[in-house]
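To start, the structure under review is shown below, and the notes come after it.
Note: hydrogens, waters and symmetry copies are ignored here, and every other heavy atom, side chains too, is used.
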Amino acid sequence: MTEFITITGARENNLRDVTLRIPKGRLTVFTGVSGSGKSSVVFDTIAVESQRQLNETYTWFVRNRLPKYERPHADALEDLTPAIVVDQRPIGGHSRSTVGTMTDVYSVLRVLFSRHGSPSAGAATAYSFNDPSGMCPGCDGLGRTVRPDWDRILDPRRSLADGAVRFPPFAAGTWQGQAYTNTADLDPHKPVGEFTAAEREFLMRGRPGSKVSVNGSGGTWTTEYEGLADRFERLYLKRDLSGMSQKTRDLVREFLVEGTCPECRGARLNAAALATRIDGRTIADCTRMQVTDLIAVLKEIDDPVALPIARAAVAALERIEAIGLGYLSLDRETATLSGGEGQRLKTVRHLGSSLTGMTYIFDEPSVGLHPRDVGRLGDLLLRLRDKGNTVLVVEHDPDVIALADHVVDMGPGAGVDGGRVVFEGTPGELAGSGTLTGRCLRRRTAVKEEVRPATGGLWVKGAGRHNLRDVTVEFPTGVLTAVTGVAGSGKSTLVAEFTDAHPDAVVVDQSSIGISARSTPATYLGIMDTVRRIFARETGTDPGLFSFNSAGACGTCEGRGIIHTDLAFMDPVTTTCHDCEGRRFKEEVLRLTVGGRSIADVLELTADQALGFFDDAGVRRRLRALRDVGLTYLTLGQPLSTLSGGERQRIKLATRLHRTGAVYVLDEPTTGLHMADVAGLVALLDRLVDAGNTVIVVEHNLDVIARADWVIDLGPDGGRDGGRVVFEGTPRQLALADGTFTGEHLRRTVRGEGR
């Protein structure tokens, strides 16, 4: 068996003819600043080619139904092994997806209750809230009901003609509203509150065969009368709101009431499933428990039939506990998990596998982890390696880097200044090298000695959402505040309570930005319309000519710059458009110039270069925002789909900068950032505060915490063992405090004992 994965001449994205030999059966960490090419090597080259070749082993029929991968731009990739990718994409999931269903532990519990519970409701499907045989009929297995708020929709003091229906699409005068003011069965001038029971029933549900005449632009016609309640439910409750416009979704939600299902009381299951018990507990009782508590309960089962099933559940639950998620419950919806929690749950699914000789690829698995929990993550990575697998990790955390058998540092810079291998060797050798990563590893963390005085305070009082324990806390204004604590301690919940109490705050969370192959920094920053108007004014033409999504688009590639050829069951092929040579525009548009540059030339400028080209104040302000977040190397026309996670986080931050007197709330802004980039981020936060703003960050990064003016630490642990404020004060005071994991790790870091 060969000992290395060999890459020759890789040229994906910004890679500069990269050639590498990666040792098999080892833990290799890829480091480098954001945008240096780490992900291009690991994900866009190794992972894509491994998955592409694996798919080739299937029949044509199967391959036609699998995801299709294009061959990476490289001279050769040799001695690959099958790859399993654990990336940073949010696990998402709708309201039917829970921790239990995602990890398959709930499936084991369903078998356990069907075999060992009494009285049994039947087969395992009878305990599934996603199956008609098990779901609660009152809420269809959701555990909550959504119903129209008729107290808000109908004003009983008014008549139908006088605006009793307050839901705008059904209001008097609208096409749909005429059904209620024009029907002969109701008096349109009688207050709705004075309707008889029969009249109220007709208004809401109608009567078979009833007709009504309505007026429209095309004349008058007669149609079937549809009750107000029937119409609302058909149009807005029995359809997927996600397919409607944001404006419509927001409007409808104003007239809805969501609450716990009265039939199952949130348990999601029907009466038969909830009647089954093991040691007095229903399956819903089990899923509501913290994982740590459920492990203890299942270990008490000693029935010979149920014991193997219980042991399988315990083994899976102990893997969840081992990665620091023992505070979760199996009924927790996956959509409510943080990025770090979701990342670790995806990892759990592979720990029970007995496969060996695989390549496991992780994209910044330490995201969202408190320094205390990074050690647990390291143990998981080493366990995967020790089972005979190759583990590749893209990472910035010094503690994860220190675990590596081999390190590949990319750089030296980002974008066009990156894409090269600047170091290969051990973590110790990296720390002694002259690369940017090496210099950062040698740097000591120092806490801020002189903090800014607060100019006032913003309060959260009596917060009790999720695991918060009646928390009352003051957030000082005019300073940089870090909200810290281990995963599950209540940080994000407390900040959510803060933003609810102070809705004018500017929130930059971890949600992904909307991206497509046509999205660029210029369009995302909102400067493209101005650029088009400048070109139109200077050339005396129409602004639409300078859009590759409109009249100016190359007719051959439709403004994409590339031609994507789908070869059915074979690998797709992407080629540069031969007519526009990848520049996206028609030839006649490219001949129109401003300052000697065509619109395509301008889109090829970096943000730094563009600052020297544009005089427009609005464009320059937005470009300076890119500079402030360290993204001056991005070109204006670069597809956002090619940006790394850290770059996307920062470009989102750039769109919300440069306000005065604002309150900024940032959720883990260091996500995806190299240690050198973190220093730039802290400098940016300092500038925001110095400009008269209040900045609050939810953060685990010790360099950010050390440079804050004020720290609010939650804990002492996660889940039911958290939800309390265990410390308030300056970073210096935190480093001296007892009873806080954050203080303990900050103290060790300041002393140079690692992170």
Side-chain angles (χ1 to χ4, degrees), residues 369-375 397-399 439-460 471-487 489-491 494-495 498 663-670 673 675-717 722 724-755:
L369 289 189
H370 188 275
R372 184 199 67 169
D373 298 321
V374 172
D397 190 284
D399 287 341
R439 295 197 300 272
C440 288
L441 287 173
R442 294 194 298 271
R443 188 179 62 204
R444 293 280 296 272
T445 297
V447 297
K448 181 183 287 187
E449 296 293 346
E450 296 185 10
V451 298
R452 302 176 182 91
T455 58
L458 298 171
W459 287 87
V460 170
V471 170
T472 295
V473 64
E474 180 185 22
F475 289 80
T477 57
V479 302
L480 171 60
T481 297
V483 182
T484 63
V486 299
S489 61
K491 305 180 301 297
L494 177 61
V495 171
F498 175 86
V663 177
Y664 286 88
V665 178
L666 288 74
D667 188 7
E668 297 188 34
T670 61
L673 296 191
M675 291 168 279
D677 296 325
V678 170
L681 173 70
V682 173
L684 169 61
L685 299 180
D686 281 336
R687 289 198 299 272
L688 282 175
V689 175
D690 292 339
N693 300 293
T694 297
V695 179
I696 300 168
V697 294
V698 178
E699 193 53 78
H700 295 297
N701 188 286
L702 294 173
D703 290 327
V704 176
I705 296 169
R707 300 302 299 168
D709 299 302
W710 194 253
V711 181
I712 299 173
D713 192 43
L714 275 79
D717 217 303
R724 294 187 290 271
V725 175
V726 296
F727 173 84
E728 292 180 81
T730 66
R732 170 61 63 189
Q733 293 167 338
L734 176 63
L736 299 174
D738 294 324
T740 158
F741 288 114
T742 307
E744 175 187 334
H745 283 272
L746 181 60
R747 185 162 53 248
R748 289 176 52 205
T749 302
V750 171
R751 292 173 178 170
E753 298 172 4
R755 298 174 185 237

Is the side chain of [X] donor-acceptor paired with the backbone N or O of [Y] at a distance under 3.5 Å, no angle test?
X	Y	result
Arg444	Val750	yes
Thr481	Ile696	no
Arg747	Ala737	yes
Thr670	Leu673	no
Thr730	Trp710	no

For the residue pair [X] and [Y], what are the closest heavy atoms and their distance?
X	Y	answer
Arg732	Val447	NH2-CG2, 3.1 Å
Pro731	Leu746	O-CD2, 3.7 Å
His700	Gly485	CE1-O, 3.1 Å

Inset, instruction - Taking the side chain as every heavy atom from C-beta outward, state whether Asp667 and Val495 have any pair of such atoms under 4.5 Å apart. - result: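 Side chain of Asp667 against side chain of Val495, heavy atoms only: no contact under 4.5 Å found.
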Legend entry - Full working for side-chain contact (heavy atoms from CB on, under 4.5 Å) between Lys448 and Asp709: CA-CA 7 Å; Lys448 181 183 287 187; Asp709 299 302; 3.0 Å; yes
Inset, instruction - With side-chain hydrogen bond (donor to acceptor under 3.5 Å, both in side chains) as the test, would you mind laying out the steps for Thr477 and Thr455 before giving the verdict? - result: CA-CA 5 Å; Thr477 57; Thr455 58; 2.9 Å; yes
Legend entry - Under the salt bridge (Lys or Arg N to Asp or Glu O under 4.0 Å) test, residues paired with Arg439 that sit two or more places apart: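 Expected list: none.
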Inset, instruction - Using salt bridge (Lys or Arg N to Asp or Glu O under 4.0 Å) as the criterion, list what pairs up with Glu450, not counting sequence neighbours. - result: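 Per chain and number, Glu450 pairs via salt bridge (Lys or Arg N to Asp or Glu O under 4.0 Å) with no residue.
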Legend entry - Parallel, tilted or perpendicular, as decided by the 30° and 60° cut-offs, for the rings of Phe498 and Phe475: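 Correct class here is tilted.
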Legend entry - Carboxylate-amine/guanidinium proximity below 4.0 Å for Asp690 and Arg452: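 Yes, this pair counts.
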Legend entry - Name of the residue among Leu714, Val726, Asp713, Val711 meeting side chain to side chain contact (heavy atoms under 4.5 Å, CB included) with Thr742: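 It is Asp713, the one option of Leu714, Val726, Asp713, Val711 that forms the side chain to side chain contact (heavy atoms under 4.5 Å, CB included) with Thr742.
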